[in-house]
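See below for the structure under consideration.
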Amino acid sequence: MGQFLLKDVSYYYSKDRLILDHISEKFESGRIYVILGPSGCGKTTLLSLLGGLDVPKEGSIIFNGHAIGKKELELHRRKNVSFVFQNYNLIDYMTPEENVRLTATQDPKPILEQMGLSQDEMKRNVLKLSGGQQQRVAIARALASENPVILADEPTGNLDETTAMGIMDVFREAASFYNKCVIIVSHSYEVAKRADVLFELTHGKMKQIRMEDLQKTVTEE
Amino acid sequence: MGVCGRARLYLSRNKGKSGILLALLVVIGTLVLLCVSIGNAADTSLAVLRERLGGYFLVKNDMQNGGYQYVNDQMVQDILECGDIKAYNGMDIRYFYVENLELVPGRFTGEGDKKAKLTRVLGNTDTSLNEYFVLEYYALKEGRHITPEDQCKALVSEEFAERNQLSIGDTFTVRLDDERVPEEIKGGITSHEMEIVGIFCIEAALGAQSSDAAECDIEENFIFTDTEFIRSACEDYGYRMDTFAEGAAFFVKDPKNLNRVVENVQGLSDYNWEEYVITKNNKTYESSAAPLERLSGIVRMMVYVIAAISAVMLSLILFLWMRDRVHEIGVYLSIGKKRTEILGQHIAENLMVAALSFALAFGICMAVSGAVEQTVGAAFFAEKEEQEEKPWERRDVETEEIPALVRIGVLEILEVAGIGGMIILISTGISSGVVLRMKPKEVLSLMS
């Protein structure tokens, strides 16, 4: 189980350039959250704070009731969250199997098979796989870690629509079957449609939007 | 997957870089190993040389400036207690008549003077430490040297022995010079018997050679004897001596420390050092060991220079390659790998290559050590031959028996492993540290 709580979180590079402005929100396991917003609005910064890559200037991030301190960021990344990036971020001299083994506590083959990779593909260099396959390997690595939260930054940004929907199916399975809390930052309308909860981040503020307002929001972006 | 597993994977999947690193480390390893071996060989030879050549200082009363206090047994003991002195030779010179024997003729033979039978007898605690023998003006041809335990023994020249048909074990008698001796003492002067224990030859004459010289100044007529003989003979004058009229030479354990030892001796407060003159002599050491000292110094300097250049080169190369590894580091940081673990992987990679390169360098060094030994030996002895004309150089001939053995032993391997390990730690630390010091978010920004 993973429950994230943002408590009055602010982030800025300078006082006159506020990126995140006193955000308070809650993220729970078993659900897919999608955060929408224009480029440069702070979506990736928010994901970095949630993932322990940086610390908020003000406020606190609480995971399962425990505030993440500066000295616990490494442990937080190792034990609580898994990242999935737009450009996959796999280790380029390793095979899919070896990439998943970096975080896996068990044999990585079943989870890679589940992601649709053949035995042959598991032993190839990751750079010899298609973009969709590489992203599946990245997700397999996130799932294999058994960390309760997946943070995905534009996970379908480099993929065609069909492949992107396949990836969203995997996230859905992660939330429903593995009971993960999946937080996705995206521009994509199609990705947003698959969310359980939708947020919009503009001018440093984050607000929840209804599914029926989604079309309007995406059009405005 | 552990640090070593990842390091092994990186090396096996990046064969080009691993190969370049291997080649570079083989070159560095070979150079450092050879330099360390040559340096150690020079040091070992130096240690043997120092021990063999020695250096000494002579303490004598400063008669010319009014010093009348002779070096005596107590003073010798006090100086020996200062430490770092391995041996000493107390010296006396007295004149004796050899009435039953024939000397190499000089001025007084022609004049029919009774001094034609007067010769110089040199008392020594240990004749092997007498300057004539130390500097190889004279060499022992037969028998043995006089030692501190001897009583009434003699070393004579081969000319003196031939002229009088004397050989080892023969005895002859001598009588103290009685000139300028009060009449009441003259009557007490008797003959004293000496036994020949050694015969010396003169390699390079220093004293008088012409027939105008007095018999006692002709080197062939010199007789070396022990201290006890001189002292017991001088009892004929009516007293027992405990002094060394010609002073005492003290041989230090390491001639490199000669100055320090002399300073310690001069610190003995029981003696008025203005009454004595101290003469230092480590020219043999300086002339013979200096080339090796220089070689050792140059080699040591080379090791430091090679190590420094290697560290810089390795750091630069690894730093350039590190730009290609920012992505990898970012991924590791994002999945929660510790910075020390990432640095550990980089160090493990380089150490694995270093271990292989070290084995190759060891093989190369073993193969070329013979050739290097010859080159180094030739350079060393060529330098010495240029100095052969100096009189004290004669003693250097012995140093040719001390080979500069370029051997790669456990000591050399450990030394090079230490140096190599340090170079790799420093280089990897510098190159990886640049990226690892960044915040994970900065690293991920660099990635994108």
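Worth saying up front: this structure is predicted, and the values here are computed from it rather than measured. Each chain gets a letter, A, B and so on, in the order the sequences are listed, and its residues count up from 1.
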Taking distance alone, no hydrogens or angles, what donor-acceptor pairs closer than 3.5 Å link side-chain atoms of residues 131-143 of chain A to residues at least two apart or in another chain?
unit_1  : atom_1 : unit_2  : atom_2 : d
Q133(A) : OE1    : S130(A) : N      : 3.0
Q133(A) : OE1    : S130(A) : OG     : 3.2
Q133(A) : NE2    : E121(A) : OE1    : 3.4
Q133(A) : NE2    : E121(A) : OE2    : 2.7
Q134(A) : NE2    : V126(A) : O      : 3.4
Q134(A) : NE2    : L129(A) : O      : 3.1
Q135(A) : NE2    : F85(A)  : O      : 2.8
Q135(A) : NE2    : P155(A) : O      : 2.6
R136(A) : NH1    : M115(A) : O      : 3.3
R141(A) : NH1    : N89(A)  : O      : 3.1
R141(A) : NH2    : N89(A)  : O      : 2.9

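Shortest non-hydrogen contact noted between R77(A) and G336(B) is CB-CA, 3.8 Å. Here the shortest heavy-atom pairing between D54(A) and K439(B) reads OD1-NZ, 4.2 Å.
By the 6.0 Å contact criterion, NZ on K7(A) is open, its count of non-hydrogen atoms from other residues, nucleotides or ligands being 12 or less. The number of heavy-atom neighbours closer than 6.0 Å to OH of Y178(A), taken from other residues, nucleotides and ligands shown, is above 12. Atom CZ of R323(B) sits in a sparse spot, with 12 or fewer heavy atoms from other residues, nucleotides or ligands closer than 6.0 Å.
If you take OH on Y93(A) and CZ on R325(B), they are separated by 5.5 Å, rounding to the nearest 0.5 Å. A distance of 10.5 Å separates CG in L151(A) from OG in S334(B), rounded to the nearest 0.5 Å. Here the CG atom belonging to L73(A) is positioned 11.5 Å from the CG atom belonging to L333(B), to the nearest 0.5 angstrom. With rounding to the nearest 0.5 Å, the separation of OG1 in T340(B) from CD in E74(A) is 7.0 Å. Between the CE atom in M94(A) and the CZ atom in R13(B) there is a gap of 8.0 Å [rounded to 0.5 Å].
Heavy atoms closer than 4.5 Å to chain B are found nowhere in Q86(A), neither backbone nor side chain. Using a 4.5 Å cut-off between heavy atoms, K338(B) contacts chain A through both its backbone and its side chain. Within the 4.5 angstrom heavy-atom criterion, no atom of S82(A) approaches chain B. For L90(A), the part lying under 4.5 angstrom from a heavy atom of chain B is the backbone only.
Per-residue counts of heavy-atom pairs under 4.5 Å with chain B were compared for L102(A), L75(A), N147(A), T103(A); the largest is that of L102(A).
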What do the steps show when you test L9(B) against E98(A) for side-chain contact (heavy atoms from CB on, under 4.5 Å), and what is the final call? CA-CA 9 Å; L9(B) 271 182; E98(A) 288 157 356; 3.5 Å; yes
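I91(A) has its side chain within reach of Y332(B): a pair of non-hydrogen atoms, C-beta onward, lies under 4.5 Å apart.
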